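Here the structure is laid out as structure tokens; the discussion comes afterwards.
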Amino acid sequence: ERRFVGETANAAETEILNPFVLDFEQRLTTLTATAREPLVIENRALGYRVYYSLTAFEAEPNRNFFTGEPLFEELEPADDAEAIRWAANRRKAYLGSPRHFLRSLVASIANEQPEQADETGYSLYIVPNQGGPGGAFGSPFGGRRGGRAERVEVTPSDLLEETRREGEYKLSFVGLVEVIYRNAPEAPGFLQREWAREQRGLRDVQTSQFRFPIPNDRAMLDRFGRELDPRSITLSGYMAYERFAEDLPREYGLAESGLPGAEEAAQLFEEQRLEAQRERAAREAEAAPPDSPEASMEGEISDQLEDKQP
């Protein structure tokens, strides 16, 4: 479960409520999983119940991959204190995340403001390929073989460019990109994670690495920084430590990203999510016996969603 949910403090408050829908298969060193119906995941750290349609899950000794389609539904807080805690945890999960970083990268190019990524707290470095066939770096979750290569500081325009297709961007580089997020320290659990290799104290910055899986040499992003192919980028370091327990609805933080059209898109994404929530509640009510809690709950959910409409 930690390969999917993660090992963070948020993960400790996250539970898969229907693990019995999962089927596992082990082939040599690769564990794969499929789900017969959407996973129901309750995240009491962020205040969401998530219905997750799992598309793929693969776990190897030093690699982890999963993708799917989530439907986020907000939980009702017990009191004002819990609502405040959820809001703070959501903010903390978003800042420094891959989504936050890629949005800031695209915004700096789209707005022709190369300093925007730096202003949002990121320092970027290229580390050249070294060692092993195809420029291997050893385990993506540990140190690189052959010592530390000399790194070179770069700007967003050194990594990202807009393609001929409107709203599409190409991320390309040789070696790996080291991303340092300066606005938050490492969490205490980071050095106790499964793939931890380092014997050191906690740092006051979060360091992650982006690389392309061989033989790829690029990744395509949409105008809001989303990968068009979820397998196009391999993460290691801090961003790989934070997994599903840190995930948020796609509209979260978008309006403030500075990306062209972001405010309108954030509103549209939220409306789509609320409509999907209505449809899910209606399906459950239709399938439930008339006197069941699920049947009576549909009206309550519809009333709550109406209150959220602008």
Side-chain angles (χ1 to χ4, degrees), residues 1-16 31 41-48 50 57-67 85-105 117-118 120-127 137-145 147-149 151 153 175-211 213 227 230 233-248 252-253:
E1 188 171 333
R2 69 176 182 271
R3 289 294 192 101
F4 174 69
V5 173
E7 303 170 83
T8 62
N10 288 349
E13 295 188 68
T14 301
E15 181 183 4
I16 299 175
L31 176 70
I41 304 161
E42 191 163 280
N43 187 329
R44 299 298 309 183
L46 302 184
Y48 293 111
V50 189
F57 175 88
E58 301 165 6
E60 297 179 7
N62 64 353
R63 187 183 72 88
N64 204 50
F65 174 80
F66 62 85
T67 186
R85 185 177 80 94
W86 286 351
N89 285 349
R90 291 172 186 179
R91 188 72 177 165
K92 183 178 179 182
Y94 176 65
L95 297 177
S97 67
R99 185 179 296 173
H100 180 243
F101 167 64
L102 291 173
R103 283 176 177 173
S104 70
L105 205 62
D118 179 71
T120 50
Y122 294 101
S123 298
L124 310 176
Y125 300 88
I126 285 283
V127 181
F137 292 91
S139 167
F141 299 98
R144 292 182 293 277
R145 295 190 184 110
R148 185 178 183 85
R151 65 182 189 175
E153 189 165 10
L176 68 80
V177 170
E178 188 167 77
V179 179
I180 297 178
Y181 184 60
R182 305 186 306 273
N183 292 351
E186 294 174 339
F190 178 62
L191 296 181
Q192 281 77 53
R193 70 197 189 280
E194 181 180 2
W195 289 292
R197 300 284 196 275
E198 301 158 290
Q199 300 296 320
R200 60 171 177 80
L202 291 169
R203 294 172 179 158
D204 59 3
V205 298
Q206 298 172 358
T207 302
S208 307
Q209 296 80 32
F210 279 59
R211 52 168 64 77
E227 299 166 65
I233 296 173
T234 297
L235 289 175
S236 56
Y238 205 85
M239 290 184 187
Y241 164 65
E242 298 184 325
R243 298 173 204 155
F244 190 78
E246 326 302 314
D247 206 9
L248 295 157
Y252 188 93

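For clarity, every value in this text was computed on a predicted model and none was experimentally measured. We're numbering straight along the sequence, starting at 1.
Here the side chains of Val177 and Tyr125 are not in contact, with every heavy-atom distance at 4.5 Å or above. Looking at Phe210 and Leu124, their side chains never come closer than 4.5 Å, going by heavy atoms from C-beta outward. Considering only heavy atoms from C-beta on, Pro185 stays 4.5 Å or farther from Val205 through its side chain. Counting heavy atoms from C-beta outward, Asp247 and Tyr94 have side chains that stay 4.5 Å or more apart. Val50 is listed as a side-chain neighbour of Phe244, based on a closest heavy-atom distance under 4.5 Å. Residues Thr207 and Val179 have side chains not in contact (no heavy-atom distance under 4.5 Å, counting atoms from C-beta outward).
The OG atom of Ser208 lies 11.5 Å from the CG atom of Leu176; values are rounded to the nearest 0.5 Å. Residue Arg91 holds its CZ atom at 10.5 Å from CG of Leu248, rounded to the nearest 0.5 Å. To the nearest 0.5 angstrom, Tyr241 atom OH is 8.0 Å from Gln192 atom CD.
Taking every heavy atom of both residues into account, Asn64 and Ala59 meet most closely at OD1-CB, 3.8 Å. Here the closest heavy-atom approach between residue Leu46 and residue Arg90 is recorded as O-NE, 2.6 Å. Here the closest non-hydrogen pair linking Ala45 and Asn89 is O-ND2, 2.8 Å. Closest of all the heavy-atom pairs between Phe57 and Arg3 is CZ-CB, 3.9 Å. Across Ala93 and Ser97, no two heavy atoms sit closer than the pair O-CB, 3.5 Å. In terms of heavy-atom proximity, Glu246 sits nearest to Asn10 at OE1-ND2, 2.8 Å.
Using a distance-only test at 3.5 Å, with no hydrogens or angles considered, no donor-acceptor pair links the side chain of Asn43 to the main chain of Tyr48. In terms of modelled atom types and a separation under 3.5 Å, the side chain of Glu58 and the main chain of Phe65 share no donor-acceptor contact.
Between Arg182 and Asp204 there is no salt bridge, since none of the side-chain N atoms of the basic residue sits less than 4.0 Å from a carboxylate O of the acidic one.
Residues forming a side-chain hydrogen bond (donor to acceptor under 3.5 Å, both in side chains) with Tyr252 (at least two apart in sequence, or on another chain): none. For Glu13, the side-chain hydrogen bond (donor to acceptor under 3.5 Å, both in side chains) test picks out Arg85, with sequence neighbours left out. For Ala11, the side chain to side chain contact (heavy atoms under 4.5 Å, CB included) partners are Val5, Thr8, Ala245, not counting sequence neighbours. Taking Pro213 as the reference, Asn216, Thr234 meet the side chain to side chain contact (heavy atoms under 4.5 Å, CB included) condition, with sequence neighbours excluded. With sequence neighbours left out, Ala87 forms a side chain to side chain contact (heavy atoms under 4.5 Å, CB included) with no residue at all. Checked against side chain to side chain contact (heavy atoms under 4.5 Å, CB included), Glu186 has the following partners two or more places apart in sequence or in another chain: Phe190, Arg200, Leu202, Arg203, Tyr238.
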Would Arg243 and Glu7 count as a salt bridge (charged side-chain N to carboxylate O under 4.0 Å, His left out) here? Give the steps.
CA-CA 8 Å; Arg243 298 173 204 155; Glu7 303 170 83; 3.5 Å; yes
After noting the C-alpha distance and the side-chain angles of Ile41 and Phe4, does the key distance pass the side chain to side chain contact (heavy atoms under 4.5 Å, CB included) rule?
CA-CA 11 Å; Ile41 304 161; Phe4 174 69; 3.6 Å; yes
Given Leu235 and Gln209, is the side chain to side chain contact (heavy atoms under 4.5 Å, CB included) satisfied, shown in steps?
CA-CA 6 Å; Leu235 289 175; Gln209 296 80 32; over 6 Å; no
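Side-chain N/O atoms of Ser236 and Arg211 include a donor and acceptor closer than 3.5 Å. Side-chain atoms of Tyr181 and His100 form no donor-acceptor pair, as typed in the model, at a separation below 3.5 Å.
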